[in-house]
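Just below is one structure, and these are the notes that go with it.
Since the structure is predicted, the reported quantities are computational estimates derived from the model, not experimental observations. We count ligands from 1, going down the list as the structure has it; atoms in each ligand are counted the same way.
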Amino acid sequence: MTKEQSKITAVILAGGQAKRMGGVDKGLALMNGRPLATWVLERIAPQVDELLISANRNLDQYRLFGHPVLPDPSPDFQGPLAGLLRAMTEAAHPLILSVPCDTPFLPDDLVGRLTVALEESGADIAIPVCGGQVHRAVCLCRHNLLPGLENFLARGGRRVGEWQSMLRRVEVPFDDEQAFLNLNTADELTRLGTR
Ligand SMILES: Nc1nc2c(ncn2[C@@H]2O[C@H](COP(=O)(O)OP(=O)(O)OP(=O)(O)O)[C@@H](O)[C@H]2O)c(=O)[nH]1
């Protein structure tokens with residue numbers, strides 16, 4: 001794979017309903033005074049060639065972060081894969097990194113290590129593993145998975161793990177379990193903000 005071919009578009013998924021956080025717009029929820037999505041953005045933007053934000057509410061506020069904002073194709077919250085599908089449709093580059101907006105401490109070497117593993121293995125998708133847990137919400141995948149993902153969603157598929165299980169995967173070990181902590185409740189937001 002040439003350098004040009006391995007350019008990367010990242011999408012920060014912030015289009016969920018955040019029911020466990022009381023229905024707030026999670027990407028805009030403040031941790032230490034800053035929106036969660038910006039924590040992720042600051043970790044990921046330096047590691048990729050293009051950054052997109054997937055959101056379904058408060059689009060003007062997300063646009064202030066300085067990157068294209070993409071609502072899902074359908075208004076009925078079809079889950080994270082719907083946001084990934086929209087991003088793949090718009091992406092300028094052949095590798096797509098998908099990260100949730102609620103994982104603020106992602107590693108600085110995330111993209112580099114996932115990319116090497118994807119290239120060396122020839123797999124379709126690279127997924128981090130840490131402390132024995134597979135972090136499926138974070139993945140680097142090839143753009144040519146788009147038609148298969150479209151079919152999966154059109155057939156009613158919604159689960160990230162189910163989609164990934166049909167692909168050639170490479171799991172990439174990381175050491176810092178804290179790096180993949182994600183926040184689902186207001187309590188976690190407060191607690192992790194003091195980390
Ligand atoms: N674009 C898009 N992103 C979604 C959708 N549902 C979830 N996400 C994102 O996917 C990531 C993981 O989502 P979850 O934590 O499982 O769901 P959530 O809606 O954020 O929260 P809960 O309602 O509490 O489960 C988060 O970054 C969400 O913003 C969706 O329908 N569309």
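In this structure, the protein non-hydrogen atom closest to atom 19 (O) of ligand 1 is Gln17 N, 2.8 Å. The protein heavy-atom contact nearest to atom 27 (O) of ligand 1 is Leu13 O, 2.6 Å. Looking only at heavy atoms of the protein, atom 7 (C) of ligand 1 is closest to Gly16 CA, 3.4 Å. Here the protein heavy atom with the shortest distance to atom 11 (C) of ligand 1 is Pro100 CB, 3.9 Å. Ranking protein heavy atoms by distance to atom 12 (C) of ligand 1, first place goes to Pro80 CG, 4.3 Å. Among protein heavy atoms, the minimum distance from atom 23 (O) of ligand 1 is reached at Lys19 N, 2.7 Å. In terms of protein heavy atoms, atom 32 (N) of ligand 1 is closest to Asp72 OD2, 2.6 Å. Residue, atom and distance of the protein heavy atom nearest to atom 18 (P) of ligand 1 are Ala18 N, 3.6 Å.
Salt-bridge formation is detected for the pair Arg168/Asp124: a Lys NZ or Arg NE/NH1/NH2 atom is positioned less than 4.0 Å from an Asp or Glu carboxylate oxygen. Ion pairing between a basic and an acidic side chain is recognised when a charged N comes within 4.0 Å of a carboxylate O; Glu188 and Arg20 show no such pairing.
Close approach of ligand 1 to Lys26 is summarised as follows: ligand atoms under 4.0 Å from at least one heavy atom of the residue are 15 (O), 20 (O), 21 (O). In summary, the atoms of ligand 1 found under 4.0 Å from a heavy atom of Asn184, numbered by their order in the structure, are 15 (O). Numbered from 1 in the order shown, with element, the atoms of ligand 1 that lie under 4.0 Å from a heavy atom of Cys101 read 27 (O). The ligand atoms of ligand 1 that sit less than 4.0 angstrom from a heavy atom of Gly83 are 1 (N). Atoms of ligand 1 lying under 4.0 Å from at least one heavy atom of Phe77, given by number and element, are 31 (O). Residue-ligand proximity, Asp102 to ligand 1, at heavy-atom distances under 4.0 Å covers atoms 15 (O). Distances below 4.0 Å separate heavy atoms of Ala14 from the following atoms of ligand 1: 29 (O).
Between the side chain of Asn182 and the backbone N or O of Asp102, no donor-acceptor pair lies under 3.5 Å. Between the His143 side chain and the Ala91 main chain, no donor and acceptor come within less than 3.5 Å of each other.
Proximity of Gly79 to ligand 1 is established by a heavy-atom distance of less than 4.0 Å. Residue contacts with ligand 1 leave out Ile12, since none of its heavy atoms falls under 4.0 Å from the ligand.
When heavy-atom distances to ligand 1 are checked against a 4.0 Å cut-off, Asn56 comes that close only through its side chain, counted from C-beta outward.
Closest of all the heavy-atom pairs between Asn56 and Gly15 is ND2-O, 3.0 Å. Nearest approach of Ser98 to Leu13, heavy atoms of both residues: OG-CD1, 3.4 Å.
Put simply, Leu153 and Met166 are part of the same group of oily side chains (I, L, V, M, F, W, Y) that touch within less than 4.5 Å, one to the next.
Side chain to side chain, Asp187 and Thr185 fail the donor-acceptor criterion of an N or O pair below 3.5 Å.
Between Ala82 and ligand 1, a contact under 3.5 Å exists for no N or O pair. Where the criterion is an N or O separation shorter than 3.5 Å, residue side chain and backbone included, Met21 fails it with respect to ligand 1.
The closest heavy-atom contact to atom 24 (O) of ligand 1, among the options Arg158, Arg20, Gln78, comes from Arg20.
A cation-pi contact, defined as under 6.0 Å to the ring centre and within 45° of the axis, links Arg113 to Phe174.
Every side chain to side chain donor-acceptor pair (under 3.5 Å) that Arg63 has, sequence neighbours left out, goes to Asp60.
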Next on the checklist: salt bridge (charged side-chain N to carboxylate O under 4.0 Å, His left out), that's the test. Do Lys7 and Glu50 meet it? Break it down for me.
Outcome noted: CA-CA 9 Å; Lys7 280 191 166 182; Glu50 177 187 38; over 6 Å; no
Next on the checklist: Run the salt bridge (charged side-chain N to carboxylate O under 4.0 Å, His left out) test on Asp72 and Arg86 for me, step by step, so that the C-alpha distance in whole Å, both residues' side-chain angles and the decisive distance to 0.1 Å come before the verdict.
Outcome noted: CA-CA 6 Å; Asp72 291 353; Arg86 177 76 203 276; over 6 Å; no
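Note on ring orientation: taking the six-membered ring where Trp is involved, the planes of Phe180 and His135 are parallel (angle under 30°, cut-offs 30° and 60°).
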